[in-house]
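Structure record follows, encoded as structure tokens.
Here the structure is a predicted model, which means the values were calculated and not measured. Residues take their numbers from the sequence shown, with the count starting at 1.
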Amino acid sequence: LIASKHQGEPFIRRAVNANFRLGDPLSAERLATYAVNANNPLPLRLDALEALTLWVDLPEIDRIEGRYRELAKHDLKGAAKRVESKLPPLLAAKESRIREMAMRVATTLQINLDPEILLTVVTGDGNAPPLRLEALNALKKQGSPQLRAAVEAGLVSSSTDLRVRSLRLLAGLDPKNAIQQAGAILG
């Protein structure tokens, strides 16, 4: 995948799928390394990251061939160790979709991200709503004390999806306040 001179889309998609099917830590690292390289085509970088987001919940249907394929359980801890160092450049990528998928990878592989950075992403109105939503979900998954501040920011967002998710999270944090917020929204 990384060192191959073949760079055609069909070849790369098959190479991504082969690394996914292998499911070992080195394969996870190859996928992350491919995604980090900004010279690679964006759709293929996203495909490599998507494969990492499926690392735990393995699909029964092959991603390329569309046939049933039983896969052995992937090594989560080993993959997390190999991928963790690749996340900072992915989270700093100029493409919002890459940053969003990198957060999903971190969540899937149970890699904790800096809660302050995640809070900044949620509160940043210039960030795309799906990216902000992924950051909010990562804060929830990590059990971060920053979740409350992120929920408050999400409640006043212009994004309906972010407001709805924030209201649901608020219901778990402060049910009485969530009822008041829902009443105010329904007006």
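Here the closest heavy-atom approach between residue V83 and residue V105 is recorded as CG1-CG1, 4.0 Å. The two residues L155 and L167 make their nearest non-hydrogen contact at CD2-N, 3.7 Å. Here the closest heavy-atom approach between residue G154 and residue S166 is recorded as CA-OG, 3.2 Å. Between L31 and A51, the shortest heavy-atom distance links the atoms CD1-CB, 4.0 Å. Among all heavy-atom pairs drawn from L118 and A138, the shortest one is CD1-CB, 3.8 Å. The two atoms that bring V36 and R45 nearest to each other are O-NH2, 4.0 Å, heavy atoms only.
Every residue two or more places apart in sequence or in another chain was checked for a side chain to side chain donor-acceptor pair (under 3.5 Å) with E60, and none qualifies. Applying the side chain to side chain donor-acceptor pair (under 3.5 Å) rule to D174 yields the partners R148; only residues at least two apart in sequence or on another chain are considered. In this view, R82 and E29 satisfy the salt bridge (charged side-chain N to carboxylate O under 4.0 Å, His left out) rule, not counting sequence neighbours. The side-chain contact (heavy atoms from CB on, under 4.5 Å) search around E84 returns I111, not counting sequence neighbours. With sequence neighbours excluded, no residue satisfies side-chain contact (heavy atoms from CB on, under 4.5 Å) with V156. For S158, there are no side-chain contact (heavy atoms from CB on, under 4.5 Å) partners, not counting sequence neighbours. Partners of Q110 according to the side-chain contact (heavy atoms from CB on, under 4.5 Å) rule, which considers only residues two or more places apart in sequence or in another chain, are L76. D75 meets the salt bridge (charged side-chain N to carboxylate O under 4.0 Å, His left out) test with no other residue; sequence neighbours excluded.
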Hey, can you pull the donor-acceptor pairs under 3.5 Å for the side chains in residues 125-133, sequence neighbours left out?
residue	atom	partner	partner atom	Å
N127	ND2	V121	O	3.0
R132	NE	V122	O	2.7
R132	NH2	V122	O	2.9

Quiz: residues 17-27 side-chain donor-acceptor pairs under 3.5 angstrom, not counting sequence neighbours:
residue	atom	partner	partner atom	Å
N17	ND2	D62	OD1	3.2
N17	ND2	D62	OD2	3.2
N19	OD1	R30	NE	2.6
N19	OD1	R30	NH2	3.1
N19	ND2	A15	O	2.8
D24	OD1	S27	N	2.7
D24	OD1	S27	OG	2.5
S27	OG	R30	NH2	3.1

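In this structure, NZ in K140 is found 6.5 Å from CG in L169, a value given to the nearest 0.5 Å. Note that CG of L162 is 10.5 Å distant from CZ of R165, once rounded to the nearest 0.5 Å. Taken to the nearest 0.5 Å, the CG atom of L90 stands 11.0 Å off from the CE atom of M103. Between the OG1 atom of T53 and the CG atom of L49 there is a distance of 8.0 Å, given to the nearest 0.5 Å. Considering CG of L139 and CD of Q142, their distance stands at 6.5 Å, rounded to 0.5 Å. Remark: K86 NZ to N37 CG distance equals 11.0 Å, nearest 0.5 Å.
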Margin query: Determine whether L147 and L136 satisfy the following criterion, side-chain contact (heavy atoms from CB on, under 4.5 Å), listing intermediate values before the conclusion.
Written below: CA-CA 7 Å; L147 180 61; L136 184 63; 4.0 Å; yes

Next item on the list: Would you please test L113 and T107 for side-chain contact (heavy atoms from CB on, under 4.5 Å) and show each step?
Entry: CA-CA 9 Å; L113 300 173; T107 301; over 6 Å; no

Note to self: Does R63 form a side-chain contact (heavy atoms from CB on, under 4.5 Å) with V16? I'd like the steps, not just the answer.
What the structure shows: CA-CA 10 Å; R63 299 174 67 244; V16 165; 3.8 Å; yes

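Applying the salt bridge (charged side-chain N to carboxylate O under 4.0 Å, His left out) rule to pairs touching residues 102-117 yields E100-R104, R104-E134, sequence neighbours excluded. The list of salt bridge (charged side-chain N to carboxylate O under 4.0 Å, His left out) pairs with a residue in residues 2-13, not counting sequence neighbours, reads E9-R13, R13-D47.
Within a 6.0 Å sphere centred on CZ of R69, heavy atoms belonging to other residues, nucleotides or ligands number more than 12.
Counting heavy atoms from C-beta on, the side chains of Q7 and N40 come closer than 4.5 Å.
Hydrophobic clustering, with ILVMFWY side chains joined whenever heavy atoms are under 4.5 angstrom apart, groups L87 together with L54. One hydrophobic cluster, built from ILVMFWY side chains closer than 4.5 Å, holds both L44 and F11. In terms of hydrophobic clustering, with Ile, Leu, Val, Met, Phe, Trp and Tyr side chains grouped at heavy-atom distances under 4.5 Å, V151 and I179 are assigned to different clusters.
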